[in-house]
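Residue numbers begin at 1 in each chain, while the letters A, B, ... track the order of the sequences. Side-chain atoms are counted along with the backbone in the values below, which use heavy atoms only and exclude waters and symmetry mates.
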Number of protein chains: 2
Amino acid sequence: MSEEHLSEEYLLESFFHLMLAVKRQLHQQAEQLDLEVTPMHLRVIKIIDRKQPCTAIDIASFLGRDKAQVTRLINALIDQELISKAPNPNDKRSQYLLTTERGVAVVEELNRMDECIVQRMTKGLQPSERAEFQRLARLMAGNFQGEEQS
Amino acid sequence: MSEEHLSEEYLLESFFHLMLAVKRQLHQQAEQLDLEVTPMHLRVIKIIDRKQPCTAIDIASFLGRDKAQVTRLINALIDQELISKAPNPNDKRSQYLLTTERGVAVVEELNRMDECIVQRMTKGLQPSERAEFQRLARLMAGNFQGEEQS
DNA sequence: AAAAAGTAGTTGACAAAATCAACCAAAAAC
DNA sequence: GTTTTTGGTTGATTTTGTCAACTACTTTTT
């Protein structure tokens, strides 16, 4: 009566545990790089590299986060000379964000590390299962998106 | 050449997006309760309720987090009279954590809300898909667990 | 049984992640 | 040609999380 299946865990708790593990991995990743950056900075520089040319607002909307936070993340990346600003010809208020030479090198390293993390994470999974997980994650994230009022 | 599939997103990014959406939901949940608590407090009281009797260390190890943080979360829950401490007969250093009457009511409300969140999140998914997602999440979290040195 | 080592929990200090509100300058809408 | 919206910055604050030091009690070792 009081003995429950340990495996009978709630969906959200399972998700939290994976969340924690992934966060730890990214934290380690940031430490290994030996730069003055946090996991969030790394996420931002990857986005900048991928979506070049992109603006601060693009990043904020992709991350779904406050632009104040993005401004500070960007400033830190500029201080470390991993990215730079260039005038946006279409809008004098905004600037294009570009990865510097140094930044590109970091991103390449990061992509290698990310692949490594995903490899470890999906160890023992079929490629089809990996794809299925991603499909479901995207689907569920989409389920929430509709109902959010900005 | 420069036009990429928008859907060709990285596994980790998909996961992050879901993470963000879930976090927002829990944040709203905490606000709706109209108590002086944060999502993390709610997670803790649910654990206390589920694993009763349990100690601070049990919670820290289940959450995988620092005991300092747990101490503070617990103190806040006690201030709000949602949980209480009772002496642990097996060990004078530690205390059992128990939900108060008020705490039990909150947990019941929380379970309803959680179920609601999961419902919305898994809208359009087959029960088998929901189970599959959970299975994969648990499997992947397990893949990381092995390699962590305490 | 006494010393050493380990464990439960608390406290202080601090870093990281995130949000809110107020603000400026430029752009778009009217 | 004002008004409103948008891109971005800054300041203040909250939430989450970690590290280190410490107390008090337990367990292990000798």
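Rounded to a whole Å, the CD atom of B:Glu31 is 14 Å from the P atom of D:dT14. Per the geometry, CD1 belonging to A:Ile78 stands 12 Å off C1' belonging to D:dT9, to the nearest Å. The nearest whole Å value for the distance from the CD1 atom in A:Ile57 to the C1' atom in D:dT5 is 12 Å. For the pair B:His41 NE2 and D:dG17 P, the interatomic distance rounds to 11 Å; values are reported in whole Å. As a whole-Å value, the separation of A:Lys23 NZ from D:dG17 C1' is 9 Å. Between the CG atom of A:Leu26 and the P atom of D:dG17 there is a distance of 14 Å, rounded to whole Å. Atom pair A:Met40:CE and D:dG17:P shows a separation of 15 Å (rounding to whole Å applied).
Although no hydrogens or angles enter the test, the distance criterion places a donor-acceptor pair under 3.5 Å between the side chain of A:Thr100 and the main chain of A:Leu82.
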Going 5' to 3' through nucleotides 18-29 of chain D, assign each nucleotide B (protein heavy atom under 4.0 Å from a base atom), S (under 4.0 Å only from sugar-phosphate atoms) or - (no protein heavy atom that close). BB----BBS---

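OP1 or OP2 of D:dT9 lies within a sub-4.0 Å distance of a side-chain N or O belonging to A:Thr71. Checking the phosphate oxygens (OP1, OP2) of D:dG7, no side-chain nitrogen or oxygen of A:Lys85 falls inside 4.0 Å. Look at A:Ser94 and you won't find any side-chain N or O under 4.0 angstrom from OP1 or OP2 of D:dT6.
Between the side chains of A:Arg120 and A:Gln25, a donor-acceptor pair is found at a separation under 3.5 Å. Judged purely by distance below 3.5 Å, without hydrogens or angles, the side chains of A:Tyr96 and A:Asn90 pair a donor atom with an acceptor atom. In this model, a donor atom of one side chain and an acceptor atom of the other lie less than 3.5 Å apart for A:Asp58 and A:Thr55. If you check the side chains of A:His17 and A:Ser14, you find no donor sitting under 3.5 Å from an acceptor.
Nearest-nucleotide mapping onto DNA chain D: of B:His27 and A:Ala56, the residue sitting toward the 5' end is A:Ala56. Between B:Val37 and A:Val70, the residue whose closest nucleotide on DNA chain D is further toward the 5' end is A:Val70.
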Would B:Lys23 and A:Met19 count as a side chain to side chain contact (heavy atoms under 4.5 Å, CB included) here? Give the steps. CA-CA 11 Å; B:Lys23 264 197 195 166; A:Met19 230 164 89; 4.0 Å; yes

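Along DNA chain C, read 5' to 3', the first and last nucleotides having any atom under 4.0 Å from a heavy atom of chain B are C:dG6 to C:dT19.
Note on the helix from C:dA1-D:dT30 to C:dC30-D:dG1: angle between the axes of the first and last five pairs equals 30°, rounded to 10 degrees.
Between A:Arg43 and the choices A:Leu110, A:Leu26, A:Leu73, A:Leu63, the side chain to side chain contact (heavy atoms under 4.5 Å, CB included) rule is met once, by A:Leu63.
Looking at A:Met40 and A:Gln69, their side chains come closer than 4.5 Å, going by heavy atoms from C-beta outward. Between B:Ile117 and A:Phe144, some side-chain heavy-atom pair lies under the 4.5 Å cut-off. Put simply, the side chain of A:Phe15 reaches to within 4.5 Å of the side chain of B:Val22, judged on heavy atoms.
Crowding of A:Glu81 atom CD: a count of heavy atoms from other residues, nucleotides or ligands under 6.0 Å not exceeding 12. Annotation for B:Asp34: atom CG does not count as buried by contact number, only 12 or fewer foreign heavy atoms lying within 6.0 Å.
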